[in-house]
Engineer: 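I have a structure I would like to understand better, so I am pasting it below and will then ask my questions one at a time.
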Amino acid sequence: MTVLLGFAFLAALLTHIGCSNPRRVPESSSTRRYNRIQHGQCTYTFILPEQDGNCRESTTEQYNTNALQRDAPHMEQDFSTQKLQRLEHVMENYTQWLQKLENYIVENMKSEMAQMQQNAVQNHTATMLEIGTSLLSQTAEQTRKLTDVETQVLNQTSRLEIQLLENSLSTYKLEKQLLQQTHEIFKIHEKNSLLEHKILEMEERHKEELDTLKEEKENLQSLVSRQTYIIQELERQLTKATTNNSILQKQQLELMDTVHSLVNMCSKEGVVLKNPKREDDKPFRDCADAYQAGFNKSGVYTIYVNNISEPKKVFCNMDILGGGWTVIQHREDGSLDFQKNWKEYKMGFGSPSGEYWLGNEFIFVITTSQRHYSLRIELTDWEGSRAYSQYDRFYIGSEKQNYRLYLKGHSGTAGKQSSLILHGADFSTKDADNDNCMCKCALMLTGGWWFDACGPSNLNGMFYSAGQHHGKINGIKWHYFKGPSYSLRSTTMMIRPLDF
Ligand SMILES: [Ca+2]
């Protein structure tokens with residue numbers, strides 16, 4: 001419609017349409033007016049006709065050239081008609097041309113519109129893409145953050161899991177230890193109950209043993225009272241016998257007198273006695289004297305020891321190695337208690353026909369004031385084996401010297417080493433501690449002996465009967481024959497002059 005309105009200016013003329021390559025308008029048309037329109041990439045140039053001057057002048061000129069014809073009305077009319085026709089024709093051309101132009105513009109506009117729409121779509125798409133990209137980047141950022149958070153959470157979870165595992169492990173270990181300890185406690189409980197059971201059993205046994213011992217004690221007490229009675233009886237009988245003995249002695253003296261008178265009578269009448277040796281001729285100092293006096297049977301003899309007015313009964317062994325042995329100690333059945341004091345050991349105790357100790361004072365006098373003596377010790381164990389120890393030289397000191405022991409020249413079968421102390425040892429009893437021990441050997445090992453500290457022998461220890469002789473430290477001991485805790489069956493200590 002705008003274009004159609006433009007036809008009001010019939011003189012308007014579109015000279016050129018250029019797209020992308022605007023062409024220069026020729027200079028020769030300076031007399032014409034140009035109008036340019038820029039639309040997008042295309043430029044439209046319109047040539048507009050001159051309106052006033054020329055048109056009017058030509059009109060005026062035409063009027064002037066045809067001044068002669070002004071008076072001729074027909075010519076003027078034809079001319080106008082022709083002009084009109086020409087104009088109509090031009091107008092038709094214009095109109096066609098304008099239609100074309102319009103079509104062309106419409107065509108162009110269509111493509112431009114499409115272009116514009118496409119551009120708009122592209123812009124929109126670009127915007128959308130941008131938005132999408134930014135959204136994507138934001139999403140990526142968020143995703144990254146989420147991933148970071150997830151990683152952290154995973155790390156923490158794994159750390160917690162590890163800690164949980166460690167805790168479980170330590171818990172397991174603790175449980176194991178607890179189980180072990182419980183087991184040990186259970187074991188200890190078992191042991192405890194066992195021990196308690198044993199203790200109870202032992203207590204019961206002890207009670208039984210105590211009861212038995214009480215019974216035995218009562219029995220022994222009654223036995224002792226019986227024996228005391230018997231002893232008193234025996235003492236009375238002994239007094240009687242002594243009285244009888246004195247009567248007998250009187251009779252003996254009378255007989256002696258008779259014998260003497262008979263001997264005198266015989267000597268006067270020339271009778272010679274074949275065996276003049278008699279026990280009463282010369283008192284025996286020891287068994288060697290008796291043997292040499294012709295008494296060659298083992299038994300109890302009376303000897304007269306130097307400086308001791310009282311005669312002493314001893315057992316003489318006339319069998320071993322030529323006889324003549326004076327027995328100073330003998331044990332054989334445990335009938336005699338050897339747990340005696342100093343005085344008893346000094347003067348001797350027991351019976352020469354059975355178990356006895358001759359007495360330290362007698363041993364001292366015999367071995368130091370008469371002759372040089374050797375010592376022989378005969379031992380028998382519970383298996384029936386016999387052995388001996390012999391010393392070439394033997395004597396003991398005085399009571400002031402605690403009857404100190406002196407020995408030399410050991411030999412024999414009862415051990416290669418001497419079980420008696422060779423370097424000298426004092427005599428000890430339960431009431432006289434002269435040993436070399438901080439303890440009291442005589443109390444510990446019983447009896448009286450030449451203990452050292454406390455030494456390898458004690459023939460005056462406790463007598464243990466068969467079956468009980470093992471593991472006894474206070475028994476009758478001769479270490480180098482049967483060991484330190486074997487109690488022997490029988491012992492004999494005897495002396496004989498060295499020059500016998
Ligand atoms: Ca001591």
Side-chain angles (χ1 to χ4, degrees), residues 328-331 334 336-350 355-368 373 375-377 379 389-391 393-410 412 414-464 468-495:
I328 60 171
Q329 188 260 21
H330 182 63
R331 306 193 71 176
L336 181 64
D337 179 17
F338 273 69
Q339 184 71 336
K340 305 285 187 186
N341 60 28
W342 182 262
K343 201 177 170 186
E344 287 167 308
Y345 268 99
K346 178 185 173 182
M347 297 314 293
F349 54 86
E355 297 194 328
Y356 81 108
W357 178 256
L358 181 66
N360 288 337
E361 195 61 32
F362 293 97
I363 299 170
F364 159 64
V365 174
I366 294 172
T367 57
T368 52
Y373 282 85
L375 169 71
R376 185 178 173 96
I377 295 166
L379 305 165
S389 284
Q390 194 159 329
Y391 300 87
R393 183 85 175 86
F394 162 72
Y395 67 95
I396 64 170
S398 66
E399 187 176 14
K400 280 185 183 176
Q401 293 169 316
N402 294 325
Y403 300 118
R404 193 174 180 79
L405 176 68
Y406 297 98
L407 289 166
K408 260 184 191 174
H410 169 257
K416 284 182 180 174
Q417 267 183 276
S418 169
S419 293
L420 269 173
I421 303 301
L422 290 172
H423 56 75
D426 290 353
F427 199 86
S428 293
T429 54
K430 60 183 178 184
D431 56 341
D433 177 29
N434 302 313
D435 57 40
N436 294 316
C437 177
M438 293 290 287
C439 61
K440 290 184 177 178
C441 297
L443 280 179
M444 233 166 60
L445 306 179
T446 74
W449 194 248
W450 298 278
F451 298 109
D452 186 30
C454 294
S457 63
N458 176 21
L459 297 186
N460 293 336
M462 289 280 285
F463 183 92
Y464 286 100
Q468 294 184 328
H469 58 281
H470 283 292
K472 301 288 190 296
I473 58 157
N474 61 351
I476 301 169
K477 180 171 72 177
W478 198 257
H479 181 97
Y480 294 107
F481 175 40
K482 297 300 285 186
S485 60
Y486 186 102
S487 187
L488 294 165
R489 180 177 186 169
S490 73
T491 69
T492 307
M493 294 174 75
M494 47 200 191
I495 55 173

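In listed order, ligands and their atoms are each counted from 1.
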Engineer: Could you pull out all residues at least two apart from K346 that satisfy side-chain hydrogen bond (donor to acceptor under 3.5 Å, both in side chains)?
Structural biologist: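 Scan of K346 (side-chain hydrogen bond (donor to acceptor under 3.5 Å, both in side chains), adjacent residues dropped) gives E399.
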
Engineer: Is the distance between the ring centroids of W357 and Y345 less than 6.0 Å?
Structural biologist: yes

Engineer: Show all protein N/O/S atoms under 3.0 Å from the Ca ion (ligand 1), or state that there are none.
Structural biologist: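 Only D433 OD1, D433 OD2, D435 OD1, C437 O, C439 O fall inside 3.0 Å of the Ca ion (ligand 1).
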
Engineer: Tell me yes or no: SG of C437 and SG of C439, less than 2.5 Å apart?
Structural biologist: yes

Engineer: Could you pull out all residues at least two apart from K472 that satisfy salt bridge (charged side-chain N to carboxylate O under 4.0 Å, His left out)?
Structural biologist: none

Engineer: With sequence neighbours excluded, what pairs up with N434 under the side chain to side chain contact (heavy atoms under 4.5 Å, CB included) test?
Structural biologist: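 Expected list: W342, N402, D426, S428, A432.
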
Engineer: How about CZ on R489, more than 12 heavy atoms from neighbouring residues, nucleotides or ligands closer than 6.0 Å, or not?
Structural biologist: no

